[in-house]
There are 2 protein chains.
Amino acid sequence: MSVSALTAGNSPSHPKRIVIAGMDGCQACSVCEVRAHGICSALNDEELSQLAQAAVRVTIPPGRQFIEEGSFADEFFNITSGTVKLFKSLPDGRRQITGFVSIGHFLGLAVSDRYAFGAEAIDQVRLCRFSRERLETVIDEFPRLERRLRNEAANELVAAQDQMLLLGGKTARERVASFLYGQITDLYGDDIPQNAKLHFPMTRADIADFLGLTVETVSRTISGLRREGLIATGAGHEITVPSPSRLQIIASGEE
Amino acid sequence: MSVSALTAGNSPSHPKRIVIAGMDGCQACSVCEVRAHGICSALNDEELSQLAQAAVRVTIPPGRQFIEEGSFADEFFNITSGTVKLFKSLPDGRRQITGFVSIGHFLGLAVSDRYAFGAEAIDQVRLCRFSRERLETVIDEFPRLERRLRNEAANELVAAQDQMLLLGGKTARERVASFLYGQITDLYGDDIPQNAKLHFPMTRADIADFLGLTVETVSRTISGLRREGLIATGAGHEITVPSPSRLQIIASGEE
DNA sequence: TGACAGGCTTGATTTAGGTCATTGTTAAAA
DNA sequence: TTTTAACAATGACCTAAATCAAGCCTGTCA
């Protein structure tokens with residue numbers, strides 16, 4: 001299947017269409033627009049062509065759950081665009097979003113043969129899909145890839161520990177400030193400007209499930225921060241933060 | 001330094017004494033009582049002797065913090081006995097215990113050159129210490145070790161996600177039941193008996209900081225479970241669980 | 001054009017768990 | 001043996017956030 005055929009599914013006018021297609025050997029990966037991100041950045045051209053053999057590009061429409069918690073984990077994913085929410089649920093429906101992940105993120109690190117979490121596209125998501133079996137073969141050949149995966153896991157672990165600190169002890173105000181500040185660092189890296197502009201895709205309900213709060217509390221808290229002049233809200237999901245450092249201080253519980 | 005010299009520090013009559021000693025080449029690791037656990041199990045005799053060159057055995061007295069959050073991460077650890085609490089803190093002293101770890105656990109997976117968490121011995125702890133530099137060298141030579149570390153990280157990540165679900169949504173009762181059930185599975189594995197007996201080393205304050213509750217709530221909740229006949233408390237930190245499956249149902253929020 | 005639905009905000013009220021205070025228990029030090 | 005201190009349990013009270021209940025946008029479908 002050709003590369004051009006792949007792009008059809010990306011058209012905004014066909015949001016429901018899912019394209020599943022093989023890649024053109026080494027071509028597809030080596031010209032990949034996100035090659036610098038994610039696990040692929042650990043490989044050179046030759047190695048990448050091997051990886052490409054195992055990869056399939058997929059487009060997922062907004063709202064579609066593409067990993068079911070507890071289902072058989074026969075596939076791994078690497079996100080190339082869009083935002084995905086990862087979550088765990090209790091039998092009665094309570095849901096904890098354990099993370100929002102986007103470009104470059106690798107999904108499916110678990111040792112078990114079952115996924116430990118569910119995954120759902122928030123906006124339109126594109127990703128590379130690998131069969132578990134074939135990826136494991138490629139990993140065996142390239143220790144650098146293995147190292148990369150370990151680092152990925154270690155970084156996620158650090159994020160998870162931060163989130164435990166948030167969920168275990170922070171106030172609603174601190175949680176919302178932490179979330180917003182996290183969005184800023186995700187977007188700007190270490191070079192955070194004054195008047196940082198954010199436009200994230202997740203709803204209040206998503207934020208609530210991520211922060212261990214209710215929608216009402218998230219809404220009230222955001223309104224509170226706005227009244228204090230700490231943030232300004234725009235249309236859609238746009239928020240401007242005049243002084244990110246001020247927000248960080250609140251996020252870390254220092255006031 | 002001889003192996004026999006090492007044992008001096010383990011005497012209960014000298015709890016404050018810390019022993020830092022080199023290992024006898026391949027001897028020390030190959031006869032290690034916990035070789036089947038932890039990262040060492042990924043290596044054969046020859047590889048292990050290489051690892052041993054980089055290892056130092058250490059004994060830590062109860063209550064001693066041996067990793068400071070944010071300090072320079074120049075050492076890795078592998079626990080050979082005892083229980084360690086890992087935690088993160090907010091500037092005002094609020095503390096979240098992110099995990100209790102014991103025999104076989106590898107400490108220091110972070111990518112950063114700073115520790116992302118603090119670590120403190122709960123009871124007397126023995127561990128193998130590696131310089132970061134030397135361990136990285138050994139890892140480079142043995143891909144199997146790299147794989148082992150990735151799996152270790154992946155498993156921790158799953159545990160962290162479970163804990164996020166707990167902290168984000170569970171009631172006090174469900175949290176305490178989850179903790180107790182977790183202690184049971186840690187101790188018995190998959191083969192859980194009726195009338196499981198537990199005696200864990202952590203205080204109510206530790207449990208509270210782990211579960212995102214206060215000591216009072218932990219105490220009240222344990223008393224509540226006892227009144228209901230779901231657990232029986234003994235002297236010290238002993239608890240008997242007549243029906244672990246009953247506890248599991250509560251832990252997972254199904255009643 | 002209206003009406004329906006999904007998402008957001010805000011207000012009134014409730015409650016689970018936190019805070020503060022007291023007492024009991026155990027064990028090590030003196 | 002008393003003294004001290006750390007840990008644990010329990011009661012009385014308080015509060016942050018949940019719950020319950022409207023109302024308000026905005027986009028889309030008929």
Side-chain angles (χ1 to χ4, degrees), chain A residues 12-13 15-16 62-63 85 90 92-96 120 122-123 166-177 179 199-227 231-239 250 253, chain B residues 12-13 15-16 61-63 85 90 92-96 120 122-123 166-177 179 199-228 231-239 250 253:
Chain A
S13 57
K16 293 273 167 66
K85 59 182 174 197
L90 256 8
D92 65 359
R94 277 173 285 174
R95 160 179 293 204
Q96 178 65 36
E120 182 181 313
I122 293 180
D123 45 18
L166 180 150
L167 294 169
K170 289 189 184 178
T171 64
R173 184 177 147 91
E174 289 161 357
R175 292 181 201 212
V176 171
F179 169 74
H199 56 111
F200 41 80
M202 54 291 273
T203 65
R204 297 286 184 270
D206 287 335
I207 298 170
D209 283 348
F210 181 56
L211 298 179
L213 300 171
T214 59
V215 267
E216 292 94 331
T217 299
V218 170
S219 188
R220 274 189 258 270
T221 307
I222 287 178
S223 298
L225 293 174
R226 183 182 41 232
R227 256 176 261 122
I231 61 173
T233 56
H237 291 170
E238 283 188 12
I239 287 184
I250 294 168
Chain B
S13 56
K16 293 274 166 67
K85 58 182 174 196
L90 257 8
D92 66 359
R94 276 173 286 174
R95 160 179 292 204
Q96 179 65 35
E120 182 181 314
I122 293 181
D123 44 17
L166 180 150
L167 294 168
K170 289 189 184 178
T171 64
R173 185 178 145 92
E174 288 161 358
R175 292 180 200 213
V176 171
F179 168 74
H199 57 112
F200 42 78
M202 54 289 273
T203 65
R204 297 286 185 270
D206 287 335
I207 299 170
D209 283 348
F210 181 57
L211 298 178
L213 300 171
T214 59
V215 266
E216 293 94 331
T217 299
V218 170
S219 191
R220 273 190 259 271
T221 307
I222 287 177
S223 296
L225 293 175
R226 184 183 39 233
R227 257 176 257 119
E228 296 177 66
I231 62 173
T233 57
H237 292 171
E238 283 189 13
I239 287 184
I250 295 168

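A, B, ... follow the sequence lines: proteins, then strands. Residue 1 opens every chain.
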Rounded off to whole Å, could you give me the CE-to-C1' distance for the B/Met202 and D/dC7 pair?
16 Å
Describe the nucleic acid contact of B/Leu213 in one word from base, sugar-phosphate, nothing, applying a heavy-atom distance below 4.0 Å.
sugar-phosphate
DNA chain D: 5'-proximal contact among B/Ala205 and B/Arg220 (nearest heavy atom)
B/Ala205
Length of the CZ-C1' vector between A/Arg175 and D/dA17, whole Å:
10 Å
Has the side chain of A/Glu216 got a donor or acceptor atom sitting under 3.5 Å from an opposite partner on the base of C/dC8?
no
Grab the CZ-P distance between A/Arg204 and C/dT10 for me, whole Å please.
10 Å
Can you check the A/Asp209 CG to C/dC8 P distance for me, whole Å?
12 Å
Give a yes/no answer on whether the side chain of B/Thr217 brings an N or O atom under 4.0 Å of OP1 or OP2 in C/dG18.
yes
Students often get this wrong, so: under 4.0 angstrom with heavy atoms, is B/Thr214 touching a base, only sugar-phosphate, or nothing?
base
Between B/Thr233 and B/Arg226, is any side-chain donor less than 3.5 angstrom from a side-chain acceptor?
yes
Taking OP1 and OP2 of C/dA16, is either one under 4.0 Å from a side-chain nitrogen or oxygen of B/Thr171?
no
May I have the distance from A/Arg226 (atom CZ) to C/dC8 (atom C1'), rounded to whole angstrom?
10 Å
Please determine whether any donor N or O and acceptor N or O are separated by less than 3.5 Å between the side chain of A/Arg227 and the base of C/dT9.
no
Please test B/Arg173 against B/Thr221 for side chain to side chain donor-acceptor pair (under 3.5 Å), starting from the C-alpha separation and ending with a verdict.
CA-CA 6 Å; B/Arg173 185 178 145 92; B/Thr221 307; over 6 Å; no
Separation of C/dA16 C1' from B/Leu167 CG (nearest whole Å)
16 Å
From the candidates C/dT19, C/dC8, C/dG17, the one with an atom nearest any side-chain atom of B/Ala172 is C/dG17
Kindly indicate whether the side chain of B/Arg173 and the base of C/dG17 share any N or O donor-acceptor pair separated by less than 3.5 Å?
no
Selected nucleotide, minimal atom distance to A/His237 side chain, candidates C/dT10, D/dT10, C/dC8
C/dC8
Euclidean distance, atom CG of residue A/Leu225 to atom C1' of C/dT10 [Å, nearest integer]:
16 Å
Rounding to a whole Å, what distance do you find between A/Phe200:CZ and C/dG7:C1'?
13 Å
Other residues, nucleotides and ligands only: do more than 12 of their heavy atoms fall within 6.0 Å of NE2 on B/His237?
yes
Checking B/Asp92 side chain against B/Arg94 main chain: does a donor-acceptor pair fall under 3.5 Å?
yes
Test item: A/Glu238 side-chain N/O and A/Ala235 main-chain N/O as donor-acceptor pair under 3.5 Å:
no
Look at all strands and tell whether B/Gly212 reaches a base, only sugar-phosphate, or nothing, counting heavy atoms closer than 4.0 Å.
sugar-phosphate
For a quick check of understanding: with a heavy-atom distance under 4.0 Å over all strands, which category does B/Ser219 fall into, base, sugar-phosphate or nothing?
base
